[in-house]
Enquirer: 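First, the structure itself, so that you have it in front of you.
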Amino acid sequence: MTPTVARPYQIARSEALFGDAQQHLPGGVNSPVRAFRGVEGTPVFIERGAGCRMWDVDGNEYVDYVGSWGPLIAGHAHPEVVEAVRRAAGRGTSYGAPTEAEVRLAAMVKEAVPSIELVRFVNSGTEATMSALRVARGVTGREMIVKFDGGYHGHADGLLVQAGSGPLTLGAPDSPGVPAAAAAQTLSLAFNDLPAVGAAFERHGGGIAAVIVEPVAGNMGVVPPATGFLEGLRQLCTRHGALLIFDEVMTGFRVARGGAQARYGVTPDITCLGKIVGGGLPVGAYGGRRDVMEYVAPLGPVYQAGTLSGNPLAMAAGIATLELIRRPGAYEQLEEVSSRLERGMARGAHEAGVAYSTNRVGSMLTGFFAGGPVTDYASARSADRRRYGRFFHAMLERGVYLAPSQFEAAFISLAHTPADIDYTVAAAGAAFRALVEA
Ligand code: HOZ
C-alpha cells in the first residue's frame, strides 16, 4: 500500500517539537545522527511504528529502512515481541539478580554463534566493545588496539579515532575530550588493507592486544570485506598473540543467523553483539572462547558490571526476536526482498543517469552517490553527500524513511513485502530523476 503522506509534504508538528527539543537536549536529540545534520533539515518525530511502517507526529506514513538502526529485523511492534515484553513487565522490570531469561538467551546466542562459549550481557554495543577491549588487554597484558578507518565501535575513548557513523557524518572522526593517552593506544588502518595490518604487526607486534573490526563495515555505509581480508586478520592475530574481536553489533543475526563469522567462515576470539540480540530494547553482549571469557569477573580479574545488565524486559524481547528469525525461510526471505531492492535502486539510478554504487550484504545495504566501487573509508568519503541529502529528502516526501546520512546502512526486515520494495523502487526512480532534472 502506498504510504499516506501529506501533499504538500508538511512536518509542522515535528518542527515545533524540534524547536522545543533544542531547549532541553544537546542539538535536540539523544544521539547525533538523528539530528539530520548529515542531510540538512528537521528530523521527523516518530509517533508509532508497525511492521515496516512508521508514522510521524504530523501523520505522515513511511516505509522504514532504518529499523532503529538495525535491531528491528522482525519489524516494528511485532506482536510476539510486544507480548513477551508485556508479560515480562507484568512480573517486574528489573531485579539486579539473575533470571532464567538470561540463561535462555545466552544459550540461544551460543547455539547460533558457536565461537561464543561464554557470554556477558550488557546494555549497549558501546559497552560490549569497550568491555571486550578491556578483556583483550587483560588477557594479553598489552595495550595497543588496531581498528580501521571508518569503523565505528561505539563512543568509548580510544575508539573515536577515525571513527565512522555520527563522527564521520558530522566531520569529527577524532573527538575532542578523548585523552591523548587513550587515542595513542589506538592504531587506525585502512579497511581491507591487509599489508598495512601486517606492517603494523611487524612494527608493534608485541604491543598489540587486539584487532577490532566490523567484519562487514556498516558505519561508513556498508562495505564488505575484500576476499581474504578477514582470514588474513585471523592469521596475523594468531601469529602475533593478539586477539581478534569481531564487532558484530550490526552484522550479528543480520547477515546470517551466525553473523558475519558464519557467512565468511572466520572465527574471532571475541564477538560483540547488540541490536538484534535485544529485539529493540537496550542490549549488548560480548562473548568468546571460554579461556578468554574466564578472565571476566567474578570468574577472573577483569572487572565489568551493570545494574541493568540482563534486564528481564530486554531479555524477553531478545528471546522473542531470535525465535522469530530461527523460523525456516527467514534468511531466504530477507535475501529475496533485499536483492529486489538492490536491483531496483541500481536500475533507477542507471536509468536516470545518476552515478550510484550499491553495496549489499544480506539485508544491509548502502547506495553511495559515487562514480566507482566503495571499498574503504577513502572511497566512501568520495561519495557526494549533498546529493545524498537531496535524494534523502525526495524519498522522505514520498514516504520512504532512509538513514539521514550517506554513511549508514539501510536495514531490510521480515516485515518488508515485495510490494513495499516495489513502492520504494518506484519512489527512488522518481527521486533519482528529480536529482538530474533540478
Ligand atoms: N550509531 C548509530 C548509527 N550507526 C546511530 C544511533 C542512533 O542515533 O540511534
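FYI, the numbering just counts along the sequence from 1. Every number for a ligand or one of its atoms is a count from 1 in the order of the listing.
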Enquirer: Would you say the ring centroid of Phe432 lies under 6.0 angstrom from that of Tyr356?
Expert: yes
Enquirer: If I take atom CG from residue Asn123 and atom CG from residue Asn311, how far apart are they, to the nearest 0.5 angstrom?
Expert: 7.5 Å
Enquirer: Report the nearest protein non-hydrogen atom to atom 6 (C) of ligand 1: residue, atom name, distance rounded to 0.1 Å.
Expert: Ser31 OG, 3.6 Å
Enquirer: Tell me whether Tyr95 at atom OH has more than 12 heavy atoms from other residues, nucleotides or ligands lying less than 6.0 Å away.
Expert: yes
Enquirer: Within the 4.0 Å heavy-atom shell around Glu408, which atoms of ligand 1 are there?
Expert: 3 (C), 4 (N)
Enquirer: If you measure from each non-hydrogen atom of Asn219 to ligand 1, which part falls under 4.0 Å: side chain, backbone, both or neither?
Expert: side chain
Enquirer: Tell me: protein heavy atom nearest atom 9 (O) of ligand 1, and distance?
Expert: Arg34 NH2, 2.8 Å
Enquirer: Taking the six-membered ring for Trp and the single ring otherwise, decide whether the centroids of Phe148 and Tyr377 are under 6.0 Å apart.
Expert: no
Enquirer: How about Asp56 and Tyr62: does a side-chain donor come under 3.5 Å of a side-chain acceptor?
Expert: yes
Enquirer: Before signing off on this row, confirm whether Tyr152 and ligand 1 have an N or O atom pair separated by under 3.5 Å.
Expert: no
Enquirer: Note the single closest protein heavy atom to atom 2 (C) of ligand 1, along with its residue, its atom name and the distance in Å.
Expert: Ser165 OG, 3.9 Å
